[in-house]
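As the structure lists them, so they are numbered: ligands from 1, and atoms in each ligand from 1. Keep in mind that the numbers below use all heavy atoms, side chains included, and drop hydrogens, waters and symmetry copies.
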Amino acid sequence: MPLLEIRGLETFYGKIKVLHGITIAVTEGQIATVLGSNGAGKTTLLRTISGIVEAEYGQIIFRGQRIERLDTDRIVQAGIAHVPQGRLIFSELTVEENLKLGAYTQRSHDGMETVFSYFPLLKDRLAQYAGTLSGGEQQMLAISRALMSKPKLILLDEPSLGLSPKLVQEIFHILKRLNEDGLTILLVEQNVNLALDICDYAYVLKNGRIFLSGNPEKVRQEELVRESYLGEGKGKYIKRAKIWGRQ
Ligand code: ATP
C-alpha cells in the first residue's frame, strides 16, 4: 500500500476546474516529484493534499485513511507537513519562535535537536528575526519548521526557487539525507534536472492532468520532456508553447 494515494482528484477555484481527475501514488520511503509548466496545477495539488484548498471530487488516502475532508491541523497531525512556495516564514518572529510554531500539533519541542542535526546553522541563529535571514537560510527554516511536526511525508513546493546553484545543491543534499533517514517526499520543482536526479518516481502535469509518469530515466528520455524542459532539440521555444501551453 502506498503511503499516499490520490484517486480521481478534482479541485476548483470557483467554477474553474484546475485539477482534472489526478491519480497518483507515493511509495513510503521514496521521493516523488511533480513537474509541469507554470499554471499546470502543481501548487494546487499540494494545497489540496494539505487541506488548504478543498477537494471537490476524489479521494486522498494517507496511511490507509481518507483525509480529503480533514482540517489542515488534522492533516498535519496525521503526518503531512507542507513547505509552501515562497517559504512563508514569519519574518517578525525569531528563528526559535518559527520552529516552535511548526510544532504546534506536538506536545513538545523535542524535535529541535533533530532539526539542528540537518540544519546546524539554525542553532546559532535562534534569536535572529527570521526576516533578516538570507534566502537560503529562510528556505532551511521553512523546511525545519515543517520537520518540527515530525511528519512522515513532506510536501515541498519549489524549494530551489530564487536560490544560488550552490545553495540549491546544499539543500537537495539535505533532502536526500532526510529521505535516507526515512522521510517520504513529494517534491514540486521547476528545476527538472535536479528533480529527476533526486527522485524515485516522476509525474508530469499538463493543464491539470497527469500527462506522463514513470521512473526518472523514463521521464528524462521522453522526447517532449527533453525538448520542453531540458533544453534539448530544435525549436524548443515554439514547442514549449505548443506542448505546455494552456488549452
Ligand atoms: P507555478 O509553477 O506557476 O506555481 P502551478 O503548476 O503550481 O504553477 P497552480 O498555482 O496550481 O499552478 O495554478 C493552477 C491554475 O489555477 C492556474 O491557472 C492559476 O491561475 C489558477 N489559480 C491558482 N490559484 C488560484 C486562486 N487562488 N484563485 C483562482 N485561480 C487560481
Side-chain angles (χ1 to χ4, degrees), residues 4 6-24 26 31-60 67-68 71-72 75 80-89 135 138-139 142-143 146 153-163 165 168 171-172 175 185-199 201-214 216 219-220 222 224-231 236-237 239-247:
L4 176 76
I6 297 179
R7 297 185 193 147
L9 180 67
E10 311 225 321
T11 298
F12 289 68
Y13 287 118
K15 288 187 175 163
I16 299 172
K17 195 194 282 193
V18 175
L19 299 182
H20 301 254
I22 301 286
T23 294
I24 67 170
V26 181
I31 301 179
T33 189
V34 178
L35 310 172
S37 65
N38 289 331
K42 307 179 296 298
T43 295
T44 303
L45 175 61
L46 297 192
R47 288 167 65 89
T48 313
I49 296 168
S50 59
I52 301 166
V53 176
E54 198 182 327
E56 191 76 30
Y57 302 106
Q59 300 181 353
I60 305 178
I67 61 162
E68 74 273 2
D71 291 341
T72 49
I75 292 171
I80 300 180
H82 187 165
V83 183
Q85 197 173 22
R87 299 154 202 149
L88 305 185
I89 51 155
Q138 289 188 10
Q139 186 58 270
I143 297 170
L153 169 70
I154 194 164
L155 313 176
L156 288 163
D157 200 347
E158 310 240 7
S160 76
L161 204 69
L163 302 184
V168 171
I171 285 178
F172 271 65
L175 293 179
I185 297 176
L186 181 57
L187 170 72
V188 160
E189 191 41 75
Q190 287 278 347
N191 189 329
V192 174
N193 262 321
L194 204 60
L196 291 176
D197 280 350
I198 198 179
C199 78
Y201 203 83
Y203 292 93
V204 182
L205 261 184
K206 182 186 169 194
N207 292 326
R209 293 182 169 84
I210 300 291
F211 160 72
L212 178 70
S213 64
V219 171
R220 209 189 285 275
E222 181 68 34
L224 298 185
V225 173
R226 289 167 58 146
E227 289 181 349
S228 316
Y229 268 150
L230 302 177
K236 62 180 176 175
Y237 295 111
K239 284 187 175 144
R240 178 180 305 190
K242 213 156 103 189
I243 294 159
W244 301 114
R246 296 180 201 181
Q247 282 166 342

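Every atom of ligand 1 is numbered from 1 in the order shown, and the set under 4.0 Å from a heavy atom of Ala40 is 5 (P), 6 (O), 12 (O). Below 4.0 Å from some heavy atom of Gln85 lie the following atoms of ligand 1, by number and element: 4 (O). Near Ser37, with a cut-off below 4.0 Å to any heavy atom, the atoms of ligand 1 are 6 (O). The atoms of ligand 1 that sit less than 4.0 Å from any heavy atom of Gln190 are 2 (O). Of all atoms in ligand 1, listed by their number and element, those nearer than 4.0 Å to a heavy atom of Thr44 are 9 (P), 11 (O), 13 (O), 14 (C). Atoms of ligand 1 lying under 4.0 Å from at least one heavy atom of Glu158, given by number and element, are 2 (O). Per-residue contacts place Thr43 under 4.0 angstrom from the following atoms of ligand 1 (heavy atoms of the residue considered): 4 (O), 5 (P), 7 (O), 10 (O), 11 (O).
Between the side chains of Gln190 and Asn38, at least one donor N or O lies within less than 3.5 Å of an accepting N or O. When only modelled atom types and interatomic distance are considered, Glu189 and Ser160 share a side-chain donor-acceptor pair under 3.5 Å.
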### Message
With side chain to side chain contact (heavy atoms under 4.5 Å, CB included) as the criterion, how do Ile22 and Ile24 come out once you've worked through the C-alpha distance, each side chain's angles and the decisive distance to 0.1 Å?
### Response
CA-CA 7 Å; Ile22 301 286; Ile24 67 170; 3.9 Å; yes
### Task
Kindly indicate, with the supporting measurements, whether the criterion side chain to side chain contact (heavy atoms under 4.5 Å, CB included) is fulfilled by Asp157 and Lys42.
CA-CA 8 Å; Asp157 200 347; Lys42 307 179 296 298; 5.6 Å; no
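With sequence neighbours excluded, the residues forming a ring-ring contact (aromatic ring centres under 6.0 Å, His included) with Tyr201 are Tyr203, listed by chain and number.
Residue contact annotation: Gly36 has no non-hydrogen atom under 4.0 Å from ligand 1.
Any N or O atom pair closer than 3.5 Å counts here, and Val18 shares no such pair with ligand 1.
No side-chain heavy atom of Glu68 sits less than 4.5 Å from a side-chain heavy atom of Arg7.
Residues Leu35 and Ala195 approach most closely at CD2-CB, 3.9 Å, considering heavy atoms.
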